[in-house]
Every structure is written in structure tokens, then in C-alpha cells.
Amino acid sequence: MEKSSSLNVFVVKDIPKLNIFKTFDCGQCFRFNPVNYFGHKYEFEGVAFSKYVVFAQDNDNEIYIYNSTEEDYHNIWKKFLSLDVDYESINEKIKDATNSEHMKEAVDYGDGIRILRQNDWECICSFIISQNNNIPRIKKIIESLCSKYGDEHNYNEAKYYSFPSYQVLSNLTEKDIFDLKTGFRAKYILDAAKKISSGEIDLEKIHSSDDFDYCLKELSKIKGIGPKVASCALLFGFEKTEAFPIDVWMKRALLKYFPNGIDLNKLGKTAGIAQQYLFYYEKYNQKP
DNA sequence: CCCCAGGTCGTCA
DNA sequence: TGACGACATGGG
């Protein structure tokens, strides 16, 4: 795939500390992959909000956004990358609230990660697929879901596909979804699509709600959504940064570093970001 | 053959 | 409430 010829690029300068590699490598999104089209230090291509995009970076304080105009940046990517959020002060608050050397190390190790603000429905569906599954296979299933039922777009003779809407999926059969190798998750995906497209579950209402327990309760109405999947969707798709997903890696990290428990109330709205630092630290910082 | 993967469900005590 | 096996699939 040769894309370098005629992609327009928008450069964002003087940004607060952001690390493209960590942000797209830390397991929060499934449709971005490393490439090397333009010769930057880090380059990740993917599709979000129905647009093909490449984020690239050579140093701390600027990024290149390929296939993006300045309008796209202000309308979509700035918010997607959480470039309007002051992570410097969040990091300080996390360190203060936990008062833990381990957390301090995790924050410094993961510094530059941004919690992406992804599409809420895509997050719900993707994290349903993620359960009892590994990341390469999660990505594979999501791509086949998109190429089969998403909208096709063309760019520079290459095809890419948007994430399919819940309306489209709600009209499929369980077998249609099962045939994408989703396994026992097929009925969960269908249940989510149906409950949302029927209006039984209102994503807008969840998105704008400040009542976190209400949000958890609503998403838990969907078969196949438990506390972990709901928390991931709320954190990565609904902008609920107080969400604190606990998976196998987080269980290990909490057991090791916080055997007496961690005070989520004290972390408040920074809990989800603290969680992501701990997760990244535990999973990727292989120490003897 | 085994075990595991960014879990949840149904069942049984 | 909490424990426990089942669940589809593919890679190690």
C-alpha cells in the first residue's frame, strides 16, 4: 500500500506532552496499527469516525496527521486525542492521591499516553469482542466485521471501511455475526445492537450523564456486558474517566502494588487514567 | 494434548 | 453473595 504520494498532512505544533506510540500501543483501541510510510519515528494508521488517518511523530511536542485538514483536526482529532486535557496536572493528582512509589513509577513509565475519546458504540462492540480473547484476534474480528458490514470508502485506490452502525447490525442474524468467528460473543453483539437501535438503551443519555452507577447499570442490561466491558466502554467511549476496568493484568498489578486496596474515591475522575498507567506498566514493562 | 487470551453467563450451594 | 465450568477460536 503506497499512500505517501498525495495525502495531505496537518501538523500540530507546540502540543503538550503526547506519545503516539504509547497511546496507540496501550490496548485501548483496536483499529490502529504501526506503519512506516513517511519515515517518521512513530506512525500509526487506522480508521476512526469513518475516516482513514495516520498519526505520526518524531519528537515530544509535535505530531503529523496525514489525510487531515485543519478543520478535521479541530472537529475530530483534537478531541479524539484528548489534546484539550491537561495531563500534567492529572499525573500530579494521581501521584498525590495514591502516594505510592509503584504508581509513581507507572505514571512516569506511561507518561504521554492519552485516553482516546472513541465512538461509544464502537467501544461497546469492540470490548464485547475482547472478552476472553487476545488482541490480534480481537483486531482480526473487528476488521472482518467492518469490511463486511461497514461503509466502504476509497482513498488513493485503497479501500477502508467504517465501523458498522448498530442499526445495520441489529438487522443481521446471530449466524451472520457468528460467521465472523466471533464465537459465543455473536449473541452478545446482536443483543447490544438491538437494545440500542430499539431505544431501550439510550447512548446519548449515558454519554451526558454524570451518574456513573446509572451508566454502569444501563450498559449491564446488554447480555455479555459485565463490569469490565462496561468500564472499558465508559472510559474509552463515553468519556467517563472515573471508570476503572479490572482485567487479568490489573488484578495482578493491584495484588502486587496495592495489596491493601486502592482508594478510587480519592482518585475520582483520574481513576481511569491511573488504571491505564498501571495496566501499561504491568503488561509492557517486563522486569526480572 | 495442554494452556491462555483487556470476561460473562448460568447454575448451584 | 461466591465459586466454578462452559463458551468459540487460534496461537504457543
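Note that these values count all heavy atoms, side chains included, but never hydrogens, waters or copies made by symmetry. To find a chain, count down the sequence lines: A is the first, B the second, and so on, and within it residues start at 1.
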Student: Return the set of residues passing salt bridge (Lys or Arg N to Asp or Glu O under 4.0 Å) with Lys195(A) (not counting sequence neighbours), or none when no residue passes.
Tutor: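 Testing Lys195(A) for salt bridge (Lys or Arg N to Asp or Glu O under 4.0 Å), a comparison that skips the adjacent residues, returns Asp191(A).
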Student: Of all nucleotides in DNA chain C that come within under 4.0 Å of a heavy atom of chain A, which is furthest toward the 5' end and which toward the 3' end?
Tutor: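 Going 5' to 3' along DNA chain C, contacts run dC7(C) to dG10(C).
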Student: Applying side-chain hydrogen bond (donor to acceptor under 3.5 Å, both in side chains), which residue pairs with at least one partner in residues 228-243 of chain A are found, sequence neighbours left out?
Tutor: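 Listed by first then second residue: Lys79(A)-Glu239(A), His207(A)-Glu239(A), Glu242(A)-Lys269(A).
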Student: In whole angstrom, what separates Phe30(A)'s CZ from dA5(B)'s C1'?
Tutor: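 Going from Phe30(A) (CZ) to dA5(B) (C1'), I get 11 Å.
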Student: Using the C1' atom on both, measure dC3(B) against dG5(C) and round to a whole Å.
Tutor: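 Result for the C1' pair: 16 Å, nearest Å.
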Student: Does any residue of residues 221-248 of chain A have a heavy atom under 4.0 Å from DNA chain C, and if so, which ones, in number order?
Tutor: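 Nucleic-acid contacts, sorted: none.
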Student: Where along residues 126-139 of chain A does a heavy atom come under 4.0 Å from DNA chain C, residue by residue in number order?
Tutor: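 Under 4.0 Å from DNA chain C: Asn132(A), Asn134(A), Arg137(A).
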Student: Asp96(A): what forms a side chain to side chain donor-acceptor pair (under 3.5 Å) with it, not counting sequence neighbours?
Tutor: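 Testing Asp96(A) for side chain to side chain donor-acceptor pair (under 3.5 Å), a comparison that skips the adjacent residues, returns none.
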Student: Who pairs with Tyr188(A) by ring pair (Phe, Tyr, Trp, His ring centres under 6.0 Å), at least two apart in sequence or on another chain?
Tutor: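 Listed in chain order: nothing, the list is empty.
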Student: State which residues pass ring pair (Phe, Tyr, Trp, His ring centres under 6.0 Å) with Tyr166(A); sequence neighbours excluded, sorted by chain then number.
Tutor: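 For Tyr166(A), the residues satisfying ring pair (Phe, Tyr, Trp, His ring centres under 6.0 Å) (neighbours in sequence not counted) are Trp121(A).
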Student: Indicate, with a heavy-atom threshold strictly under 4.0 Å, whether Cys29(A) touches base, sugar-phosphate, or nothing.
Tutor: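 If one applies the 4.0 Å heavy-atom cut-off, Cys29(A) turns out to touch nothing in the nucleic acid.
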Student: Once salt bridge (Lys or Arg N to Asp or Glu O under 4.0 Å) is applied, do any residues pair with Glu218(A), and if so which ones, sequence neighbours excluded?
Tutor: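 Here the qualifying residues are Lys221(A).
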Student: Heavy atoms only, 4.0 Å cut-off, all strands: where does Tyr188(A) land among base, sugar-phosphate and nothing?
Tutor: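 It contacts sugar-phosphate atoms only.
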Student: List the residues meeting salt bridge (Lys or Arg N to Asp or Glu O under 4.0 Å) with Asp108(A), not counting sequence neighbours, and say none if there are none.
Tutor: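 By the salt bridge (Lys or Arg N to Asp or Glu O under 4.0 Å) rule, Asp108(A) matches Lys95(A).
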Student: For Glu204(A), check salt bridge (Lys or Arg N to Asp or Glu O under 4.0 Å) against everything at least two apart and list the hits.
Tutor: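 Testing Glu204(A) for salt bridge (Lys or Arg N to Asp or Glu O under 4.0 Å), a comparison that skips the adjacent residues, returns none.
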Student: Would you mind reading off the distance between Leu278(A) atom CG and dG6(B) atom P, rounded to a whole angstrom?
Tutor: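 Rounding to the nearest Å, CG of Leu278(A) and P of dG6(B) are 17 Å apart.
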Student: Checking side chain to side chain contact (heavy atoms under 4.5 Å, CB included) between Phe163(A) and each of Cys125(A), Ser50(A), Cys123(A), which is the one that passes?
Tutor: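 Option passing the side chain to side chain contact (heavy atoms under 4.5 Å, CB included) with Phe163(A): Cys125(A).
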Student: Please report, to 0.1 Å, the donor-acceptor pairs under 3.5 Å made by any side chain of residues 10-21 of chain A, with sequence neighbours excluded.
Tutor:
from: Lys17(A); atom 1: NZ; to: Asp111(A); atom 2: OD2; distance (Å): 2.9
from: Asn19(A); atom 1: OD1; to: Phe21(A); atom 2: N; distance (Å): 2.9
from: Asn19(A); atom 1: OD1; to: Lys22(A); atom 2: N; distance (Å): 2.8

